[in-house]
Amino acid sequence: MRSRPAVAAPRPAAVPLTAAATGTGLPTVPIRSMLRSLAVPFSLYMLGLAVFAQGTSEFMLSGLLPDIARDLDVSVSTAGTLTSAFAVGMMIGAPLMALASMRWSRRRALLVFLNAFLVLHVIGAVTTSFPVLLGTRVLAALANAGFLAVALATATSLAPPNAKARATSVLLGGVTVACVAGVPGGALLGQLWGWRAAFWAVAAVSAPAVFAIVRAVPATAGAAAGPVSARRELRALRAPRLSVVLLLGALVNGATFCALTYLASVATEVTGLGEGWLPVLLALFGVGSFLGVTLSGRVADSHPVPLLLAGGAALLVGWATFALTAGNAVATVTFVLVQGTLSFAVGSTLIARALYAAGAAPTLGGSFATAAFNVGAAVGPAAGALAIGAGAGYRAPLWVSALLVTLAFAVAGVATAVSRRSAGERGEEAPAPTA
């Protein structure tokens, strides 16, 4: 008699890995799905690569101006207009270029702006005319501003709805890596092979980003559900909450660039460090900025107000303490790292809050955030220059930075009080602090 084959015991049903399965008692949302929802698409890192090239271009001239002045037979002060021209182009270019490209797909806009940026750097690398070089800087700034505005809108549309700060941190990470590696690298290339080599290097880094965007950014990335209306988006951008956040961003970024612009003077004239320390300090500030955007990307989506309040208070205390202790080398080195971290943690959080507040203006919201922060980058150094010119000494920019952060707190306090009063008059629950 043949024995019956053994019947395998039924396999237990697969149990999805959930928060409840781990014994936490939290809602049963699959953990893998939750992690996927927080993941940042690979295409955002490709956008970050392009932002790295553009950030390098924006900041690298500080180490190249004497060489450019000699080669093109102009004064150093005249060569310095290349920097101011780029800043002005960034300020006015962000909203104008975003408006001009509103009816394009975002991939097309990104490619047009990035290719224009690349070609303009090739022209700048070969020209022997200062006016032509100046023109390329203005046009490259317009292309840079347009690219960054569209990239911010694209990043927030590709990322999960609750991860705008994380997406923003990936893009701004390109700027911070430019501060750490791109700017010193550009200066080194200038010393070895002349300033033109730095321009060629920016074009060379931009080229793979072009191909990566073609392959990695979907053709329909961030496509609007309906027809795009510039008038409707401009109306949405007049929202009081967004205006407050943009003003806060301009003030905080003004404080950052006021101190950063005169960091060399603080280090050599007040602290007494040799010029050989300057690359180290700039690299430390860059490391801090990278740490800041990384922190913001991890925390700002879930806890923005505590981060802004605690980070802003620490930033204010830090600038004031830096001003008081700038004569000490250890204090200067420490505060360069700490303030770089705090400045970019608070600043990138404000950019993310601006993008959340501009949800009804997905195309133009990033452009206004870009413009606001470049206003700060222009106004802050100008305020520092006025303080130094008034005879306040080289510690003055640090005090101006503290003052600008104080103004940011005042603006936030007034806006919150007005918002709560309006809510009380309507019989509504008082809102949380603005931002």
Side-chain angles (χ1 to χ4, degrees), residues 59 62 80 83-84 87 179 244 246-275 277-278 280-282 284-289 291-292 307-350 372-415 435:
F59 301 125
S62 60
T83 300
S84 56
C179 293
V244 170
L246 292 177
L247 179 54
L248 294 178
L251 289 169
V252 169
N253 209 42
T256 302
F257 278 86
C258 178
L260 180 60
T261 299
Y262 301 101
L263 180 59
S265 298
V266 172
T268 57
E269 302 296 330
V270 179
T271 311
L273 295 173
E275 291 187 358
W277 273 92
L278 298 183
V280 176
L281 293 177
L282 291 173
L284 277 176
F285 189 90
V287 170
S289 65
L291 294 175
L307 191 154
L308 289 173
L309 290 177
L315 194 59
L316 171 57
V317 172
W319 286 131
T321 308
F322 190 4
L324 291 171
T325 62
N328 181 279
V330 174
T332 294
V333 171
T334 301
F335 277 110
V336 165
L337 176 63
V338 170
Q339 295 303 97
T341 303
L342 292 171
S343 294
F344 276 78
V346 174
S348 59
T349 301
L350 287 170
F373 275 73
N374 278 282
V375 167
V379 171
L386 288 175
I388 293 173
Y394 287 110
R395 295 177 192 253
L398 302 176
W399 287 115
V400 171
S401 294
L403 175 61
L404 290 173
V405 177
T406 301
L407 288 176
F409 268 105
V411 168
V414 170

Checklist line | Least distance between heavy atoms, Cys258 atom then Pro397 atom | finding: SG-O, 3.4 Å

Note to self: Going by side-chain contact (heavy atoms from CB on, under 4.5 Å), name the residues that satisfy it together with Ala259, two or more places apart in sequence or in a different chain.
What the structure shows: Trp319, Leu398, Ser401

Check: What heavy-atom pair brings Val405 and Ala255 nearest, and what distance separates the two atoms?
Finding: CG2-CB, 3.8 Å

Note to self: Is any side-chain heavy atom of Leu273 closer than 4.5 Å to one of Leu281?
What the structure shows: yes

Item checked: Given Val411, Val375, Leu407, the one that forms side-chain contact (heavy atoms from CB on, under 4.5 Å) with Leu247 -> Val411

Notebook entry, point to check: Measuring from Leu316:CG to Leu403:CG, what's the distance to the nearest 0.5 Å?
Noted result: 9.5 Å

Identify each donor-acceptor pair in which a side-chain atom of residues 327-338 lies under 3.5 Å from a protein atom, sequence neighbours left out, and give them as a table.
from: Asn328; atom 1: OD1; to: Val330; atom 2: N; distance (Å): 2.9
from: Asn328; atom 1: OD1; to: Ala331; atom 2: N; distance (Å): 2.9
from: Thr332; atom 1: OG1; to: Thr271; atom 2: OG1; distance (Å): 2.9
from: Thr332; atom 1: OG1; to: Ala326; atom 2: O; distance (Å): 3.1
from: Thr332; atom 1: OG1; to: Asn328; atom 2: O; distance (Å): 3.2
from: Thr334; atom 1: OG1; to: Val330; atom 2: O; distance (Å): 2.8

Check: Which residues pass the side-chain contact (heavy atoms from CB on, under 4.5 Å) test with Ala250, sequence neighbours left out?
Finding: none

Next item on the list: Just do the side-chain contact (heavy atoms from CB on, under 4.5 Å) check on Thr256 and Phe344 with the steps written out, would you?
Entry: CA-CA 8 Å; Thr256 302; Phe344 276 78; 4.2 Å; yes

Check: Can you name the side chain to side chain donor-acceptor pair (under 3.5 Å) partners of Thr349, sequence neighbours left out?
Finding: Ser296

Margin query: Could you measure the distance from the CG atom of Leu308 to the CG atom of Leu350? Nearest 0.5 Å is fine.
Written below: 5.0 Å

Side-chain donor-acceptor contacts of residues 385-396 below 3.5 Å, not counting sequence neighbours, with atom names and distances?
from: Arg395; atom 1: NH1; to: Ala323; atom 2: O; distance (Å): 2.7
from: Arg395; atom 1: NH1; to: Leu324; atom 2: O; distance (Å): 3.4

Next item on the list: Could you tell me which non-hydrogen atom of Leu248 sits nearest to which non-hydrogen atom of Ala412, and how far apart they are?
Entry: CD2-N, 4.0 Å

Next item on the list: Locate the shortest heavy-atom distance separating Ala313 from Phe409; write the atom from each residue and the value.
Entry: N-CZ, 3.3 Å

